Each structure stands twice: as structure tokens, then as C-alpha cells.
**Q** 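The structure's right below; bear with me while I get my questions together.
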There are 2 protein chains.
Amino acid sequence: MTDAKVTSIDVARLAGVSQSAVSRVFSGASASKSTIAKVRAAAAQLGYRPNSLARAMITGKSRIIGLVVAYLDNQFYPAAIERLGAALQERGYHILLMMAENSAEGVEQVIQDLMAYQVDGIITASVAMTSDLTERCAALGIPVVMFNRGQDGSGFSAITSANREGGAKVAEFLLAGAHQRIAHIAGWQGSSTGRDRTEGFVARLAEAGVTPVATIDGMYARDAAAEAARTIMAQDARPDAIFVGNDHMAFAVMDVLRGELGLSVPGDVSVVGYDDVPMAAWPAYDLTTLRQPINRMVEATVDTVLGQIEDPDRLPEKIEIAGPLIVRGSARIPEGWTR
Amino acid sequence: MTDAKVTSIDVARLAGVSQSAVSRVFSGASASKSTIAKVRAAAAQLGYRPNSLARAMITGKSRIIGLVVAYLDNQFYPAAIERLGAALQERGYHILLMMAENSAEGVEQVIQDLMAYQVDGIITASVAMTSDLTERCAALGIPVVMFNRGQDGSGFSAITSANREGGAKVAEFLLAGAHQRIAHIAGWQGSSTGRDRTEGFVARLAEAGVTPVATIDGMYARDAAAEAARTIMAQDARPDAIFVGNDHMAFAVMDVLRGELGLSVPGDVSVVGYDDVPMAAWPAYDLTTLRQPINRMVEATVDTVLGQIEDPDRLPEKIEIAGPLIVRGSARIPEGWTR
DNA sequence: CCCAATGTTGCACACGTATGCAAGTCACAA
DNA sequence: TTGTGACTTGCATACGTGTGCAACATTGGG
């Protein structure tokens, strides 16, 4: 007997109690055994479920988290969304998903929309925010957590992997492999993750007295990375190793090296990526890469945003989680290292 | 001057008009030039945006679409979500994203949640619904559109590619290529898409007097498909062609064939997939596949769900969109066909 | 100059729920 | 029996917006 719209008043009438009694039963406030039983029975009979929007109006808590995401080509983000969604659902929250091109106006518009829906918190994945916008969110008491992207200033929380350290680990690995001419196709230098990985990488090389033979910004895009690979391999000092700023670009680079240039990986060139997306383990690429510990990053993100919702005085935090280098077959394996 | 919570009453007070005047300005109802100007100015000064939840309460339209999705490993779904999100945003709707394992109880729970949030419509991607559930949605006047999955019975809309026709096209292509022993690793036979592709494929082979040398359900899963490939290749009549129920599985199959078994594709075995996800075009796989016209499928999905929202009397429709076979390098190319 | 028609505005109420408050119930101990 | 405390329950109100209705302002034509 599912009727068009069932409200708590209908349930109250059928159960012979007041509307507030129904509300108390469903919001977990105290009520007598008999009332609970009557209400539950009536609700079941009518197929009643409390209206979340009305509930949100009155409590000021929508239990909705806004998730802003730029593009989903890079397999890392679908994987992250999948886990974020599951983790939030488990804790009684829901996701309002927004696509935003990574421009100031685009993000502005999207955040405005989210605020209009009274989201309790916002998670941005691979999207930068103007500090103006972040201040407005802070003024409204809406916590913002940036996933896989950091930002200077202290208005917001950010969860990333330990990108400098990660870049350094890759440098160490390539140095240990006795590579002579090391190149770098960088993650987008407009993003903190891209810059940090590059910095850590270059700094550790410098400690060993090595300078990259080339560094090109791959913009986190397949075609830019492919083009960068062509450019790099066309130059005089042809590299024997390339560190690519993420796996998504690394696949494009390997496609160019093997497909277009007929080179062997790692015979002629070693390739190392960053992320360890599922595809990196597939035999077709078998990519050596620095793993971003996605599960722990997601946990930290959820903990941070929900923690800040529950305790508004909590300060924003920037969390970096270190990940291991996953040694596979796309780069020469130094003596003493194992897969 | 962004204050904690700005309501239409605050704006009204500052503009020297009534709350209803503010409401009319923002909901597009008629108002005088001067009122509009005053309200706009006051709203801008206070940083006011109408509360979407309150608006949803009163109008009964939340402008939220529930999107239910099972898993995102298969690149086809992130791509679809990206486009669905963009298309819906463009038309003033927003996406409440829910993950659901593909079980009856899982979906039940998720749909309940969506209904509690008063979504205007529901799109399910690669998820089946019980007819009981669909009836309840229909009773509430919530249109449900299944994306890339069909279902018998007439309670709901479904957008798919022309799966039988597609399977038949693949059969034709493999027959034209003079393959002698054709095998099939099927899409999940619990889904309409999987069954339809198989049916169309097998029927067209039968017309030519050919029977598949093996058919195994790959469950739309990487490992099941890989295992199926091992089984199929271990049998006496080793196939020289395999039609795999989607690209995601086809990649796993190619990995097994080339990586584990050291076979050449298409030299020893031709492989054909279904979907044409972006990765199918990458040189590492260069997969011949039947394209699902994702853009047109998304358009049809959005049109259908919004159309049914605007006109509740509109009947559910089942739309099939045909796609072309994309000839690449993973399968022997018959005389007269071109890439 | 007046009337009707058209356009604008404010008042009051509705949407469906949560919650403070006061009244009521019940049991238990003195 | 009576008083006291612990629980329950219903009433009324609030959340922030849209909208019917009636009052009012404005305009144009005769």
C-alpha cells in the first residue's frame, strides 16, 4: 500500500499518536516501547520514510558532501570516488557529484551550487580553489578538504601522498639502476602535486650531482605527455630513463616509445610512473611506479571532513601519506632490489 | 560581507521590500524593474543564494537526479558519468551519486535512500532493479531510467546500444575473416546486455552454419575473463578468434594470450571487444571493438529522464542505439574491410 | 476626467520535520 | 496515602522558500 506521499502525520494518524511521537521514533529520541511498536508498524504498513530534505531544513545538517571532480580519464579518480562513496555511505552521508573544468569561474559556479544545496562539507579532487572561495566556505562553516592536491595558505585541509619524498624515491631508484641520462615528464606544474614530485625528484638527483637531461610539463594529459616523449627522444642526448609525473601519462609515454619509436622498455628506456592505478599492474604495461596509498588517503579524507563537521573548531590539517615504490618490469631493476 | 546564513528575509529587509518580492525575483516570477534592481543589489551585497532545499520542499522538485552505479573499474562507466554529469548540470540538475553492489538488498537500500532525498528521477548504470522496487518508484512518480542495461516488463525506461545487432556485426566480421574456430567469452549472462550480445552473435554464426567452439561467461570481470581465456586456450580445438563481451574483459584476455601464453594477436588469435572505451584505441591493445555510442546514449538517457519528469504521463521507453564496428589491429582484417 | 485593465506588492500560509516546554503518567519509597 | 522523581507525550513553533489572494499602483483609451 505505497501511497503517493506519506508523511509523519499520516503515520501518526494511523498509529494513533502525535506527529512528534513519530518524529522521535525515527530520530532516535526516547519513546516508550509501545509507542515505538505502534509507530514502526504503521510506518511499515504505509511504507513511510522520513523526508531527508525536511529533516535537513530543521536540523541544519543535510548529511550531503559535495564532491568536485575535474575529469575521470585518469583511472586514479574513479577508484578514489568509488571508495569515497562507499566510506561516506557507510557513515550515513551521501555524495552530490559535480563536474568542474579546472578554471576559476568553473569552480566558483560549482561551489556556489553546492552551497545552495546546504552541503555539510566539500571534497575537491584534483581541483584547485581560489582562497577567496575557501574563505567564503569557512565563513559559512563548511569544511573543505582537497584530495590529492595541496595549496598554500592555511584555510583548508589537504590530503596528499608524500609527493616530495615520492619523487626522491624514484630518483634513488633510477640512480641505483645506473642510468646515465635521466629525463622527466612532469605532472602539471600548476598543481602542488606536480610541483612537489618534480622538486623531490630533482633535489635528490642534485644530491648525487645529476641534472635531468630534459624536463617537460606533461600537464597530466595524454597527448601532452606523448608529445613530450617525442620531443625528448628526438634530442641529442637521448635519455635512458624517464620519470613520468603520473601513471596516466606514463602509459602514453610507453605507447610512444614502443609503438611509434620501436624502442624496448626497459631495454632502451626505463619508465617510472606515479599513482599505481590498477592498470599499472596489467601485463601490457607492467609499470614500475610509486604507489599512492589510495585507501589510507580516502580514510584520512573522510575522517578529516567528517571530523570538521562534527567539531567546527577543529583546525584544518594537511596530511601527507607516504607510499612505497612498486617495482615492476618497465624500468631496469638495480642490483639488490627485488620486484 | 558574507554572513553566516543569509536568507531571503535578510535581503528583503535590506532592500526595503517583502520576502515574497525577493522570492519572485529569484524564481523568475514577474516583478518591477526597480524591485528587481533593489533586490539584486541587496542580494549581491549580502552574498545571498536561495536555499535549494527549502525551495525543493515547497515546489516538490529537488532538481536532483539519483545515479546508482555498481563499480567503476570498467572505464566505460567513468566516461558515462562524466558526460551524464555535464549534461545534467547544463540543464540545471544535480547528481546524487550512490554506490551499490549489484545485489537485490544493496540496490533496495540505495533506492530507499534516494527516495528519502526526494530525487526527481533515478538513473541506474549497469544495475538491475527488482520489479517490486520499480513499481514503488512508479507509485511515487519517480521516473527510473536504466543506462546500458535493459529489463523485461514495461515499468521502466532503458537505454542501451543495439546489442543483438552488435553481436551479429561481430559475428559477420569474424566470419568474413575466415576464422575457423570461433570462441566466445560472454558478458555476464545475468544481464540483458550480456545475453543480447551473445544471442545476436550466436544467431548470426548459426545462419552461416557455424557453432562456437566454446562459450564461457566472463561475468564482466577481469579475473573471470582471464580464467576463461586460459580454459578456452587449453582445449583441443584451440580457437583462432575470440569475441569478448566487453573491452574491459578483452584487455584481460589479451594479457593472458600475449603475456602468459606467448601468442600473437591477431597472428594466432583474433580478439574483438565491445564498448570502444578510450583505452581500446591505445597502441598497447589497439582493440577491434563494437562501439557503444556513448554520447548519444547519454543524451537519450538525459532526455528520457527529464522528459518523464516534466510530463509524468509520458510512457517509459526502451531505446536502442546502434554503433559501428571499429576496426583496429587486434583481429585479422578481412579482404575489403578497412581500418 | 474616469473606468477598466494590467501589473505589482505584501500578507499569510504551506511544505514535512525536529524540538523546547508544559502537562501528564507511572512507579516507588516514605 | 502522598510526594517525588524519571519518563512520555502532545502542542506549538521554527527552518527558508514559493504562491494564491486581495489590495494597491499604473497606464491607456474613451
Side-chain angles (χ1 to χ4, degrees), chain A residues 3-40 42-43 46-64 92 112-113 115-120 140-141, chain B residues 3-40 42-43 46-64 92 112-113 115-120 140-141:
Chain A
D3 243 357
K5 290 284 179 192
V6 184
T7 74
S8 59
I9 298 185
D10 300 326
V11 177
R13 198 170 296 143
L14 178 60
V17 298
S18 73
Q19 178 270 329
S20 34
V22 178
S23 169
R24 279 188 259 262
V25 169
F26 279 90
S27 58
S30 75
S32 71
K33 284 285 172 198
S34 86
T35 301
I36 294 182
K38 282 189 292 187
V39 169
R40 283 254 130 79
L46 296 176
Y48 168 75
R49 294 249 353 210
N51 181 327
S52 297
L53 299 187
R55 178 175 279 185
M57 280 238 58
I58 194 74
T59 62
K61 294 288 159 199
S62 63
R63 300 192 78 83
I64 297 179
Q112 294 270 6
D113 277 17
M115 299 197 308
Y117 274 101
Q118 314 296 110
V119 296
D120 291 342
L140 285 167
Chain B
D3 242 356
K5 289 284 178 192
V6 184
T7 74
S8 59
I9 297 186
D10 301 326
V11 176
R13 198 169 297 143
L14 177 60
V17 298
S18 73
Q19 177 270 330
S20 34
V22 177
S23 170
R24 277 188 261 263
V25 169
F26 278 90
S27 58
S30 75
S32 70
K33 285 284 174 199
S34 85
T35 301
I36 293 183
K38 282 188 291 185
V39 168
R40 283 254 131 78
L46 296 175
Y48 168 76
R49 295 245 355 207
N51 181 326
S52 296
L53 299 187
R55 179 177 278 185
M57 280 239 56
I58 195 73
T59 61
K61 293 289 159 198
S62 62
R63 300 191 79 82
I64 297 179
Q112 294 271 4
D113 278 16
M115 299 196 307
Y117 274 100
Q118 314 296 109
V119 295
D120 290 343
L140 286 167

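Letters A, B, ... mirror the listed sequences (proteins, then strands); counts begin at 1. Values in this document were obtained by computation on a predicted structure and should not be read as measured data.
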**Q** Nearest to the side chain of A:Ser32 - D:dT8, D:dT17, C:dT17?
**A**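 The listed nucleotide nearest to A:Ser32's side chain is D:dT8.
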**Q** Give a yes/no on whether any side-chain N or O of A:Thr7 is located under 4.0 angstrom from OP1 or OP2 of C:dG16.
**A**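 Indeed not, no polar side-chain atom of A:Thr7 lies that close.
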**Q** Taking OH from A:Tyr117 and P from D:dG16, how many angstroms apart are they, rounded to a whole number?
**A**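 Rounding to the nearest Å, OH of A:Tyr117 and P of D:dG16 are 17 Å apart.
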**Q** Among the candidates C:dG16, D:dT9, D:dT8, find the nucleotide nearest to the side-chain atoms of A:Ser30.
**A**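 Given the options C:dG16, D:dT9, D:dT8, the side chain of A:Ser30 is closest to D:dT8.
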**Q** Main chain of B:Ser23, side chain of B:Ser8: is a donor-acceptor contact present, judged purely on distance under 3.5 Å?
**A**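 It does not hold such a pair.
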**Q** What is the distance, to the nearest angstrom, from the CD1 atom on B:Ile58 to the P atom on D:dG20?
**A**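 My rounded result for the distance is 11 Å.
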**Q** Starting from P on D:dC21, measure out to CZ on B:Arg24 and report it in whole angstrom.
**A**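 Rounded to whole Å, this separation is 13 Å.
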**Q** At under 4.0 Å between heavy atoms, what does A:Thr59 touch on the DNA or RNA strands: base, sugar-phosphate, or nothing?
**A**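 The answer is sugar-phosphate, as A:Thr59 gets under 4.0 Å only of primed atoms, P, OP1 or OP2.
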**Q** Reckon A:Thr35 has a side-chain N or O less than 4.0 Å from the OP1 or OP2 of D:dT9?
**A**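 So the side-chain polar atoms of A:Thr35 do come within 4.0 Å of the phosphate oxygens OP1 or OP2 of D:dT9, strictly under.
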**Q** Looking at the side chain of B:Tyr48, which of D:dT17, C:dT9, C:dA18 is the nearest nucleotide?
**A**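 Looking only at heavy atoms from C-beta outward on B:Tyr48, the closest nucleotide is D:dT17.
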**Q** Would you kindly give the NZ-to-P distance between B:Lys5 and D:dG16, to the nearest whole Å?
**A**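 Going from B:Lys5 (NZ) to D:dG16 (P), I get 8 Å.
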**Q** I want to check one thing: is the phosphate of C:dA12, taken as OP1 and OP2, less than 4.0 Å away from some side-chain N or O of B:Ser20?
**A**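 Answer no for this pair, as no side-chain N or O of B:Ser20 is under 4.0 Å from OP1 or OP2.
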**Q** Between P on D:dT17 and CG on B:Asn51, what's the gap in Å once rounded to a whole number?
**A**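 The answer, rounded to whole Å, is 6 Å.
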**Q** It should be established whether A:Ser18 places a side-chain nitrogen or oxygen under 4.0 Å from OP1 or OP2 of nucleotide D:dC11.
**A**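 It does not, given that no N or O in the side chain of A:Ser18 lies less than 4.0 Å from OP1 or OP2 of D:dC11.
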**Q** Once you round it to whole Å, what is the distance between P of C:dT19 and NZ of A:Lys61?
**A**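 The distance from NZ of A:Lys61 to P of C:dT19 comes to 13 Å, rounded to the nearest Å.
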**Q** When rounded to the nearest 0.5 angstrom, what is the spacing between NZ in B:Lys38 and CG in B:Leu14?
**A**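 These two atoms lie 11.0 Å from each other.
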**Q** Hey, could you give me the CZ/CD distance between A:Arg24 and A:Gln19, rounded to the nearest 0.5 Å?
**A**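 Answer rounded to 0.5 Å: 9.0 Å.
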**Q** Below the 4.0 Å mark, does D:dT17 have OP1 or OP2 next to a side-chain nitrogen or oxygen of B:Ser23?
**A**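 No, no such contact exists.
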**Q** Using whole Å, what does the distance between atom P of nucleotide D:dT17 and atom CG of A:Leu53 come to?
**A**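 Taking CG of A:Leu53 and P of D:dT17, I get 14 Å after rounding.
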**Q** Salt bridge check, B:Arg49 against A:Asp113: does any charged N sit closer than 4.0 Å to a carboxylate O?
**A**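 Salt bridge flag = yes for B:Arg49 with A:Asp113.
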**Q** Just so I know, are the side chains of A:Asn51 and A:Thr7 near enough to count as touching, which here means a heavy-atom distance under 4.5 Å?
**A**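 The answer is no, as the side chains (C-beta and beyond) never meet within the 4.5 Å cut-off.
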**Q** Answer with base, sugar-phosphate or nothing: what part of the nucleic acid does A:Val17 contact at a heavy-atom distance below 4.0 Å?
**A**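 Sugar-phosphate: the residue A:Val17, judged by heavy atoms under 4.0 Å, touches backbone atoms but no base.
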**Q** Whole Å only: how far is the CD1 atom of A:Ile9 from the C1' atom of D:dT13?
**A**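 Between C1' of D:dT13 and CD1 of A:Ile9: 13 Å.
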